[in-house]
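Since the structure comes first, as structure tokens, the remarks are kept for the end.
Letters A, B, ... mirror the listed sequences (proteins, then strands); counts begin at 1. We use all heavy atoms of the structure for the numbers below, so side chains are in, but hydrogens, waters and symmetry mates are not.
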There are 2 protein chains.
Amino acid sequence: MIAEQGVASLAVEPLARRMGITKGSFYWHFANREALLEQALQRWEEHDARNLNTALGAIAKPRDRLISFFRRVGQERLTHDVYSALCAAADHAQVIPVLDRVAERRMRHIAAAFEELGFTTGRARHRAQLVYSVYLGFLQLQRQKQAPELSSNAFEDYVDHVIETLVPA
Amino acid sequence: MIAEQGVASLAVEPLARRMGITKGSFYWHFANREALLEQALQRWEEHDARNLNTALGAIAKPRDRLISFFRRVGQERLTHDVYSALCAAADHAQVIPVLDRVAERRMRHIAAAFEELGFTTGRARHRAQLVYSVYLGFLQLQRQKQAPELSSNAFEDYVDHVIETLVPA
DNA sequence: GATTTTCCATACTCTGGCGTATGGATATTT
DNA sequence: AAATATCCATACGCCAGAGTATGGAAAATC
């Protein structure tokens with residue numbers, strides 16, 4: 001798991017240098033760069049799917065589940081940083097299906113919560129897409145360093161505003 | 001203006017090939033690749049700033065201004081596609097300042113509109129960041145081809161929901 | 001009409017990452 | 001102990017894009 005400063009950075013030679021080994025060694029473990037990326041993506045996706053279930057699946061009340069979704073953006077930096085890096089590489093053939101599945105999975109969770117809150121299926125899907133867009137947009141602003149510092153008061157205030165605006169009381 | 005399929009695609013040799021010229025010719029017009037990118041970015045930013053003023057500056061009612069902002073995402077594909085490509089390259093040293101300025105400029109406009117609608121300065125800024133995040137997130141989903149087709153009914157429905165949720169009546 | 005400037009092509013070097021060939025060392029098996 | 005399997009390094013070839021050197025043709029200048 002080393003895709004925390006870009007996806008392209010997961011190159012063979014730089015990686016080998018950083019790990020103190022050489023290419024010759026690397027190509028004994030992996031067939032090629034593609035295989036490395038594939039495995040890294042798969043591991044991350046599995047971790048993320050598990051995370052989604054354990055973190056949000058356990059919360060009974062749908063409203064608390066949604067609130068928890070927003071608050072979790074401030075925690076588990078690593079996962080979100082990886083995801084952010086993947087989003088920046090949304091043109092890469094290997095990451096597209098991963099991004100698709102992860103986004104779809106998360107949005108389904110969110111839409112389900114809104115349905116439990118009494119939204120119709122259509123409105124719930126719209127609201128879920130809206131909520132997820134807010135998340136994606138926040139990641140983008142974070143990449144540009146224009147988002148409030150996580151674990152700062154400004155971030156808390158912003159999250160409160162988001163919840164207040166998007167999650168019905 | 002040819003950065004519509006990635007920023008990295010603005011390379012010297014592919015570009016030259018596509019234009020039917022050669023590198024030798026290119027390097028007479030530009031000092032290097034950096035100069036080309038710089039000029040392209042500058043031209044686009046100026047165009048975008050002008051666009052912001054002419055399109056939204058003319059609308060008197062703040063609510064209509066906000067609604068127009070959302071609806072415009074469906075139009076002027078080119079500008080938004082360029083911006084989307086730039087967002088995907090938010091780690092590039094040259095595009096960072098451009099992205100910063102453009103986002104800041106747009107969010108100021110949005111925040112001003114909310115202030116006119118009676119929001120306090122703080123709430124207006126939060127809501128502007130929220131609105132802008134929705135826009136950024138939509139661009140991301142579009143890159144992943146998970147956003148509704150522009151100029152489709154699904155898109156219209158979604159935009160209606162967004163306006164209804166984020167712009168007070 | 002000769003000369004300089006403008007614009008572009010050919011041909012080269014250089015760099016960095018991908019992938020392969022091959023051999024050496026340690027550990028495991030027989 | 002000999003043979004085989006495992007893990008890693010050195011050294012190579014290949015490719016694509018960046019940038020440079022040089023020259024040639026057309027057009028503007030003198």
Side-chain angles (χ1 to χ4, degrees), chain A residues 1-47 78 81-100 143-144, chain B residues 1-47 78 81-100 143-144:
Chain A
M1 261 54 174
I2 329 128
E4 284 75 29
Q5 46 192 28
V7 167
S9 79
L10 209 57
V12 176
E13 296 193 51
L15 186 80
R17 269 198 299 276
R18 179 171 151 183
M19 309 216 324
I21 61 169
T22 58
K23 283 191 302 182
S25 171
F26 172 87
Y27 278 97
W28 191 90
H29 294 282
F30 295 94
N32 46 31
R33 186 187 120 94
E34 188 184 328
L36 164 70
L37 230 182
E38 193 60 42
Q39 180 169 325
L41 289 174
Q42 190 185 329
R43 289 170 80 94
W44 176 81
E45 186 181 349
E46 282 169 9
H47 172 270
L78 194 72
D81 285 350
V82 173
Y83 186 56
S84 182
L86 293 184
C87 285
D91 56 335
H92 195 296
Q94 280 182 271
V95 315
I96 292 176
V98 178
L99 244 41
D100 276 16
R143 272 204 299 275
Q144 299 174 211
Chain B
M1 260 54 175
I2 328 126
E4 284 74 32
Q5 46 192 24
V7 167
S9 79
L10 209 57
V12 176
E13 294 193 54
L15 185 81
R17 269 198 297 276
R18 179 172 150 182
M19 308 217 325
I21 61 169
T22 58
K23 284 193 300 182
S25 171
F26 172 87
Y27 278 99
W28 191 88
H29 294 282
F30 296 94
N32 48 32
R33 186 186 120 94
E34 187 185 328
L36 165 71
L37 232 181
E38 191 60 42
Q39 178 170 327
L41 289 174
Q42 190 185 328
R43 289 170 80 94
W44 177 81
E45 186 182 348
E46 282 170 10
H47 170 271
L78 193 72
D81 284 351
V82 172
Y83 186 57
S84 182
L86 294 184
C87 286
D91 55 334
H92 195 296
Q94 280 182 269
V95 314
I96 292 175
V98 178
L99 244 42
D100 277 16
R143 271 203 299 273
Q144 297 173 213

Contact nearer the 5' end of DNA chain D, comparing B:A31 with A:T22 = A:T22
inquiry  = If I take atom CG in residue A:L36 and atom P in nucleotide C:dG17, what distance separates them, rounded to the nearest angstrom?
reply    = 15 Å
task = Can you tell me the distance, in whole Å, between the CZ atom of B:R33 and the P atom of C:dT15?
result = 19 Å
key: Between P of C:dT6 and CZ of B:F26, the distance in whole Å   = 19 Å
ask   = With no hydrogens and no angle check, do the side chains of B:Q42 and B:E38 hold a donor and an acceptor under 3.5 Å apart?
value = no
ask   = C:dA9, D:dA11, D:dC8: which one has an atom nearest the side-chain heavy atoms of A:K23?
value = D:dA11
task = Measure from OH on A:Y27 to C1' on D:dC14 and round the result to the nearest Å.
result = 12 Å
query = Between D:dC8, C:dC18, C:dC8, which one does the side chain of B:S25 approach most closely?
reply = C:dC8
task = Take atom CZ of B:R17 and atom C1' of D:dA18, then tell me their distance rounded to the nearest Å.
result = 13 Å
query = Between atom CZ in A:F30 and atom P in C:dC18, what is the gap in whole Å?
reply = 14 Å
ask   = Would you say the side chain of B:R143 lies within less than 4.5 Å of the side chain of A:L99, judging by non-hydrogen atoms?
value = no
Note, B:L41 side chain near B:L86 side chain (heavy atom, < 4.5 Å) = yes
message = Heavy atoms from C-beta onward define the side chain here; which of D:dC8, D:dT20, C:dG19 lies closest to that of A:W28?
response = D:dC8
query = Side chain of B:H29: nearest nucleotide among D:dG19, C:dA9, C:dC7?
reply = C:dC7
task = Using whole Å, report how far CG of B:N32 lies from P of D:dG17.
result = 17 Å
ask   = Is the backbone N or O of B:E34 less than 3.5 Å from a side-chain atom of B:Q94, with the two atoms forming a donor-acceptor pair by type?
value = yes
